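Quick notes on the structure that follows.
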Amino acid sequence: MSTAPLTPAHGCETCPSFRPAGLKPLGVDATNWDYVVALAGNPNTGKSTVFNQLTGLRQHTGNWPGKTVVRAEGGFQFGGRKFKLVDLPGTYSLLATSPDEEVARNFLLFGQPDVTLAVVDATRLERNLNLVLQILEITPRVVVCLNLVDQARRLGLQVDERRLARDLGVPVVPAAARYRQGIDLLLQTVHDVATGKTQCRGYRSEIQNQEVNRAIDPLVAAIQEAFPGLPNARWLALRLLDGDDRVIEAVRLGEFSEPSPTQASAALASAS
Amino acid sequence: MNPAPSSKAAKVLSQAQSLRWELGAQFHEKLVESIYADAARLADRAVTRPDGPPRFDLDRSIDRLVTSRLWGVPLMILLFALVFWITIVGANVPSRLLGSLLIDQVYPWLRDTALQAGVPWWLRGLFIDGIYLATAWVVSVMLPPMAIFFPLFTFLEDFGYLPRVAFNLDNVFRKAGAHGKQALTMMMGFGCNAAGITATRIIDSPRERLIAMITNNFALCNGRWPTQILIASLFIGALAPSYLAGLVSAMAVVGVALLGVGLSLAASWALSRSVLRGEVSAFSLELPPYRPPRLGQIIYTSLIDRTMYVLWRALVFAAPAGAVIWLVSNITINGFSLAEYIVTFLDPLGLFIGLNGVILLAYIIAIPANEIVVPTVLMLTVLTARVAGVGSGAGIMFELDNEADTMAVFRAGGWTLLTGVNLMLFSLIHNPCSTTLYTIYKESGSLKWTAIAALLPLALGFVVCFFVAQVWRLFVPA
């Protein structure tokens, strides 16, 4: 069925009937999940393909940017745990300048996913890392899926995923999702991060500007006092300094204090 | 919420507010710059690029051709003409087979079985002559072209051609005051307008999104091809020698589709210079790499997700419409059916714009689904022209086995080449189907814009048909 032009690394993986060991796609059944996994990435990096591979759903995939305009949800089971997978719209940034960016950003922020799976295009790493760095500002619990490695190989590019993982402080899994390559390792990694077996360090970019740093530090302190235990106080400070209306509103309403289960699910609903 | 954190939150906000003033407007740019610099550094550490001159890049070579200023648009038209031609020629045989199975075999069997079971005539009529035949017609006419067109379209999509179409058309759309991404939503509209309307969510600016929604209807949707294809082969293909008929019909359909693109642009231009004035927003379009299409995936996506979905929708709407047609044809007052009264009433207006009352009534009945226009037209024509020897009775949709018979019915109904041409035009330019209108309402949340989206093309359709009829009558003696 698959017309892979490359020599498959593992023959069986490219066969449609192949299932990574222990993966049980649950289709649209995303009830009673143990963990929520958000799927983020630039447009046209193969998010929907990864989504379909994991959930067994046939969400429409297309080789063009901006195809996923709404959030799609599905479920899968792996290692005895149930995961709910949320496919976010493809965006280049999380600065929330357009509705789809806002949907993606709000979900990462208020939906509080246990793991964020960032799908990046190995052939356009620099542009894709912009988004990954912004995600890392919000949450360190990220797994990077270095997708389209087959494409990169075709272009003669070599991506050192181990160095990238060390630099970013989160696991990086190379994959060619279209050909089902790397999906099983990806699942294991997501599982390990969700269960806490793998700890993510999460790269935080240093801002070189002294003036900005002087402004951030007292604000971060104030935020930490107001919302103790918040993992992304620095990011929040940056958004407030940038005048992000939605974030200002959220601070005013106290949405950053300990999220109760009902609050989290309300955020899930309102993020759509 | 307890009061303590919220007062602390207020403190955070006021502190942020004052710091913002100190930092000034450059902050956003500095922030973005810092992220980009970091990303560049990290990417540079991880990626090894090949040494020496860049190797031959197939993608770039293809792109140079298909997005070239000179060849881009002609190639695009040629490619779509080819797709339509394959669809038209390829759908013929399976359409006939399905028709003979569902209408010549199953239908008489159903009728006889019901007759023997003693089902009352009106129940038989409503369900078998009305609902069954309408759905059977929709299946046999629509399924084959869709089963050919959608895989071809999905192939182009999977391969990565569609963003190139958007690239080629971006400039004209921008000149028309519309968003470049409208080219993509229009492409979706060629499959189904309702899907195209949903796809306008990729357009950020509300102004441009409204333009895209209102003008999407001019993309000839798949419910309308059977009409275009049938009328083109009957009236226009017949003008050419038989070995060219298929090609000429295909070109006529492509012509109508291109006219739709032109109208879409013209309407966008008019809207963006009148009620929806504003700046054109810029966007970056990434041309994704070409990827070897996955055949299994294409067949699955196009047949299950698209063909079956559209077919199911058509059936859901065709079934009640079949019942309505049967009812208006069988409820008689003073010896004339309701349909005849309505057709007689609509006839003067219809003939005035080069159509006729039958076509107008068919379009009223077919508001839920464009797919059933042709069978309705045939049935009503036979009914009102009182053609003897064809069809099986009042209110029964039917298909004729060969084009000569169909043509004979049309002639008896007073059809001319003008009627055929205007039907093709009206089929392109009229109100969207009710599903599309509902989608527009859901997406825009505005009754006003939904009404505009319905009435603008309808009015335009009347105007276009009227002018064509006037010019035609000026030059072609009746």
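Everything numeric in this text was worked out from a predicted model, so none of it was measured. First the proteins, then the strands, lettered A, B, ... as listed; each starts at 1.
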* With a 4.5 angstrom heavy-atom cut-off, could you sort out which part of A/Q151 is near chain B: side chain, backbone, both or neither? => side chain

* Stepwise, does the side chain to side chain contact (heavy atoms under 4.5 Å, CB included) test hold for A/D160 with B/T48? -> CA-CA 8 Å; A/D160 184 350; B/T48 319; 5.8 Å; no

* **Part of B/I35 lying under 4.5 Å from any heavy atom of chain A** => both

* Asked: With a cut-off of 6.0 Å (strictly less than), are more than 12 heavy atoms of other residues, nucleotides or ligands near CZ of B/R64?
  -> no

* **Side-chain heavy atoms of B/L42 within contact of A/L133, under 4.5 Å** => yes

* Structure fact -> From the list A/L219, A/L240, A/I223, side-chain contact (heavy atoms from CB on, under 4.5 Å) with B/Q15 holds only for A/L219

* To do: Tell me, with the steps shown, if B/V47 and A/Q158 meet side chain to side chain contact (heavy atoms under 4.5 Å, CB included).
  => CA-CA 6 Å; B/V47 180; A/Q158 277 184 322; over 6 Å; no

* Rounded distance (nearest 0.5 Å) linking atom CZ of B/R45 with atom CZ of A/R166 -> 8.0 Å

* Which pair of non-hydrogen atoms, one from B/A46 and one from A/L164, has the smallest distance, and what is that distance? -> CB-CD1, 4.0 Å

* Asked: Between atom CD of A/Q134 and atom CG of B/D38, what is the distance when rounded to the nearest 0.5 Å?
  -> 11.0 Å

* Structure fact -> The interface call for A/R162 against chain B, heavy-atom contacts under 4.5 Å, is neither

* Asked: Which heavy atom in B/Y290 sits nearest to a heavy atom in A/R154, and how many Å separate them?
  -> O-NH1, 3.9 Å

* Asked: If you tally heavy-atom pairs under 4.5 Å against chain B, which of A/D167, A/V159, A/L131, A/L241 wins?
  -> A/L241

* Mind listing the closest non-hydrogen atom pair of A/A226 and B/V12 along with its distance? => CB-CG2, 3.9 Å

